[in-house]
Number of protein chains: 2
Amino acid sequence: MAGPAGSRGARAATLSDVAKLAGVSVATASKALNGRDHVHSRTRARVLEAAAQLSFSPNSLAQSLLAGRSGTVGLLTSDLVGRFSLPILMGAEDAFGAGQVSVFLCDARGDAIRERHHVQALVSRRVDGLIVVGSSTDPRPALADGVDVPVVYAYAPSEAAGDLSIVPDNIGAGRMAIEHLLACGRSRIAHISGDRDYSAARDRVAGAAGALEEAGLEPVGEVAYGTWTEGWGRAAAGLLLDRSPEVDAVLCGSDQVARGVLDTLRDRGRRVPEDVAVMGFDNWEVVATGSRPQLTSVDMNLEELGRTAARALFDAIDDEPARGVRTMDCRVVIRGSTAPLS
Amino acid sequence: MAGPAGSRGARAATLSDVAKLAGVSVATASKALNGRDHVHSRTRARVLEAAAQLSFSPNSLAQSLLAGRSGTVGLLTSDLVGRFSLPILMGAEDAFGAGQVSVFLCDARGDAIRERHHVQALVSRRVDGLIVVGSSTDPRPALADGVDVPVVYAYAPSEAAGDLSIVPDNIGAGRMAIEHLLACGRSRIAHISGDRDYSAARDRVAGAAGALEEAGLEPVGEVAYGTWTEGWGRAAAGLLLDRSPEVDAVLCGSDQVARGVLDTLRDRGRRVPEDVAVMGFDNWEVVATGSRPQLTSVDMNLEELGRTAARALFDAIDDEPARGVRTMDCRVVIRGSTAPLS
DNA sequence: GCCAGCTCCGAAAACCTTTTCCGCCCGGGA
DNA sequence: TCCCGGGCGGAAAAGGTTTTCGGAGCTGGC
């Protein structure tokens, strides 16, 4: 059933088992399996045959021990449950998987103790590097000293200037969003944001304000800060329509807020996008495509951010360390909730 | 700056470095650090001091090599992007994290080749066990033979009867949902499901049908199969109201479908929950709490499922293997969209 | 026939830790 | 003073792999 390799519990075949079966030394078996020179093709074939027969799988622990590199990295998230860690994680996993690197996943659940604990374990396992994924774009404390492997911070930058961090360009994103609305011919643009305590919210607002000002336009009303929820979107939109009924576009702090805004607009009989254009943030696929009309949104390219972080970590491992904060461009994904004024 | 341990690139301190600094042999150093007997307390203190000074961290690779177990497990998902893998993964990570087990995360992206590749890598890294997380509750092929570590299948059961699988009890969930609606005094209950190709959809329907029959009730209309989207929910609800306006409760295949149903009910002037109760499935927090009214939903307890899978894997590693399919109970989370008829 | 040179293979060290077993030294008792 | 025992520390092996270096065997040329 389980093939000639024997069933579960049988000790895994080792290189010297293979060598014995092939009638050669371990050294020769190693060279044969690794494609080294100075092995006769007949011998090589015999070794390969023996290895296949025993379903030999080289022990990476031994290889790593000898090589001084484990071919593993640690991915340390502070909040897996959040929506932003996952795509980053996927991008990183993707980039590493291609390069034969295995990934240790650790979730600190926002707890510093737990984080130290995980870091300690990873160091002990001799990971070649570490990616630290934050749960918001606010700067976070650097890892404790004594971690002498390369570290790349993703999403949340490190507070220490000497570290390398990869973050989305939220200022540019705010600018981009406004530019899209302007391109749609809108000029009375309001901004319903999310939680003011998040730098992501403030940065987007700053970018948007900059773009408006450059276009010589005044924002409609104050920027409305609140929470990242549909409920807030509904409430803030109601207030907005009461105070500034002339509004012809609403930029929202997140897709959820935008959903709430859409709800209120529909209740008040405003057509989207004909009367009012609505734009979200984060491009959360199911939310953005589930709404009526589908939601134009800004995508932070988080998967690409994860891939970039992974590549940066590769470089750092290969002794080409970088430092500072690198920002990644966002992109506007256009759907039905924004359209040119006719 | 980086402390006495030396900066990045300096070879990590080894046990013999510690021994040398403490003026003892490696054997003694090992015993001292591991709390073994036959070490004088003065000696032990000296060793501990030396270890701290060098910020010594034992090399897990060497330990694993010697011990014959690595203290690592593989978590193999077929679809990380899906909504169901993540909670399972978190539960498992949680259960393992408590022990001293590290988790390798691999995403096969639904590709069998990629999956084999990952399994091969994990075997080579000598993981002590494997959890395979499927993307739907439909049975999936077992891992290839030749994997001689324990494997637990989560969410999607293995097709091979000898394997151990942990899956949510969707039949029971369907039953539970109906029982809740009955308890609310509803008797004209329709079911708008998701994609018929998913056993999750069919199982929930079967459970719901059984509960209705036991209550001596006829379902309102046929079960409507479609897709797992808001759009489908809106469309199906429209049809339902046209054909069976007497309906007083709608059980939906997912929270997204339920959102769509809520939309249509609102458009048609039906009050929820006064006129019609609506119930979702999956208890997707942001979706369920973002809607108006908030959505009663069935939670599959996926995090608990992940924890259970992890514990089962522990048992299997400790030579207490189990087999067959174990189902996990679901639970109803009651919110505003269902309430007793007044 | 002998030697040079090339091809192929094997012995051994290295990576780092744990554990077993042995030996040393010191104190106490005869 | 001698012996014994107990307490403490050290040498060495084991775990599996890679690499280096040396050596064996064979062929071809003189």
Side-chain angles (χ1 to χ4, degrees), chain A residues 5 10-48 50-51 54-72 100 121 123-128 148, chain B residues 10-48 50-51 54-72 100 120-121 123-128 148:
Chain A
R11 199 181 98 281
T14 128
L15 185 58
S16 70
D17 296 336
V18 174
K20 203 173 299 172
L21 182 59
V24 298
S25 73
V26 285
T28 303
S30 171
K31 281 180 282 195
L33 290 173
N34 293 304
R36 291 274 167 294
D37 280 350
H38 306 296
V39 176
H40 197 281
S41 61
R42 271 198 317 275
T43 314
R44 190 183 304 275
R46 252 194 358 259
V47 173
L48 259 49
L54 298 173
S55 55
F56 169 73
S57 164
N59 188 327
S60 292
L61 279 68
Q63 290 177 320
S64 303
L65 183 58
L66 189 59
R69 316 191 140 190
S70 61
T72 60
Q100 315 291 347
V123 166
S124 180
R125 295 204 185 274
R126 296 296 187 268
V127 292
D128 295 333
D148 55 355
Chain B
R11 197 180 100 282
T14 135
L15 185 58
S16 71
D17 295 336
V18 174
K20 202 172 298 171
L21 182 58
V24 298
S25 73
V26 284
T28 303
S30 171
K31 280 181 281 196
L33 291 172
N34 293 302
R36 291 272 167 294
D37 280 348
H38 304 295
V39 177
H40 197 281
S41 61
R42 273 199 315 274
T43 315
R44 188 184 305 276
R46 258 204 339 270
V47 172
L48 259 49
L54 298 173
S55 54
F56 169 73
S57 165
N59 187 327
S60 292
L61 280 68
Q63 290 178 319
S64 303
L65 184 57
L66 191 60
R69 20 168 101 181
S70 61
T72 60
Q100 306 292 332
Q120 180 50 47
V123 166
S124 178
R125 295 205 185 273
R126 295 297 187 268
V127 292
D128 295 333
D148 55 355

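Below, read A as the first sequence line, B as the second, and so on, with proteins coming before strands; counting in each chain starts at 1. Below, each value reflects all heavy atoms present in this structure, side chains not excepted, and no hydrogens, waters or symmetry copies. Bear in mind that the values here come from a model prediction, so they are computed numbers and not experimental data.
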Any idea which heavy atoms bring A:R125 and B:L61 closest together, and the distance?
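Closest heavy-atom pair between A:R125 and B:L61: O-CD1, 3.1 Å.
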
On a heavy-atom basis, which atom in B:S70 and which in B:D128 lie closest, and how many Å separate them?
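Heavy-atom minimum between the residues: N-OD1, 3.1 Å.
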
Cut-off 3.5 Å, no hydrogens considered: what does the side-chain donor-acceptor table look like for residues 21-28 of chain A, sequence neighbours left out?
residue, atom, partner, partner atom, Å
A:S25, OG, A:A27, N, 3.4
A:S25, OG, A:T28, N, 3.2
A:S25, OG, A:T28, OG1, 3.2

Rounded distance in Å - CZ (A:R69) to P (C:dC16):
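Taking atom P of C:dC16 as the reference, CZ of A:R69 is at 15 Å.
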
Please examine the side chains of A:L33 and A:L15, heavy atoms only from C-beta on, and report whether any two atoms are closer than 4.5 Å.
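Counting from C-beta outward, A:L15 and A:L33 do come under 4.5 Å.
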
When you compare the side chain of A:T14 with that of A:N59, does any pair of heavy atoms fall below 4.5 Å?
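SC-SC contact between A:N59 and A:T14 ruled out.
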
Sequence-distant partners of A:S60, side chain to side chain donor-acceptor pair (under 3.5 Å), two or more places apart:
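Here the qualifying residues are B:S124.
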
Bend angle of the helix from C:dG1-D:dC30 to C:dA30-D:dT1, from helix axes over five pairs at each end, nearest 10°:
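About 80°, once rounded to a multiple of 10°.
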
With sequence neighbours excluded, what pairs up with B:A121 under the side chain to side chain contact (heavy atoms under 4.5 Å, CB included) test?
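In terms of side chain to side chain contact (heavy atoms under 4.5 Å, CB included), with neighbours along the sequence ignored, B:A121 is linked to no residue.
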
B/S/- contact track for nucleotides 7-19 of chain D, protein heavy atom under 4.0 Å
-BBBB--BBBBBB

Output every pair passing salt bridge (Lys or Arg N to Asp or Glu O under 4.0 Å) with a member in residues 27-45 of chain B, not counting sequence neighbours, ordered by first then second residue.
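Non-adjacent pairs meeting salt bridge (Lys or Arg N to Asp or Glu O under 4.0 Å): zero.
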
